[in-house]
Amino acid sequence: MKKHKRDSLPRAHNRGYLAGLNGRSKDTCPHSSGDNRQEWLGGWREGRADSWNGMHGVSAIHRMRT
């Protein structure tokens, strides 16, 4: 059975979300340009907002994209 590659945009968003949730700087984005960078930064912004609103751990994980 063949393995399908995961779609990179939701993955970038989720990783950015986790980075924002953990308080990391947006300068740590691993993507230099393109759609993946925009998705990562969008996830980072959501993660930072959730962190500021007191969502941590399991209460924040449910907000990640699947």
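Across H31 and R37, no two heavy atoms sit closer than the pair O-NH1, 2.9 Å.
Contact of the H13 side chain with the W40 side chain is not registered, since no non-hydrogen atoms from C-beta on lie closer than 4.5 Å.
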Side chains of residues 20-30: which donor-acceptor partners sit under 3.5 Å, not counting sequence neighbours?
| residue | atom | partner | partner atom | Å |
| --- | --- | --- | --- | --- |
| N22 | ND2 | L18 | O | 3.0 |
| R24 | NH2 | T28 | OG1 | 3.4 |
| S25 | OG | D27 | N | 3.1 |
| T28 | OG1 | S25 | O | 2.6 |

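The line from CG of D7 to CD of E39 is 9.0 Å long, rounded to the nearest 0.5 Å. Separating the CG atom in N53 from the CZ atom in R48 is a distance of 11.0 Å, to the nearest 0.5 Å.
Contacts of N36 classified as side chain to side chain donor-acceptor pair (under 3.5 Å), with partners at least two apart in sequence or in another chain: S8.
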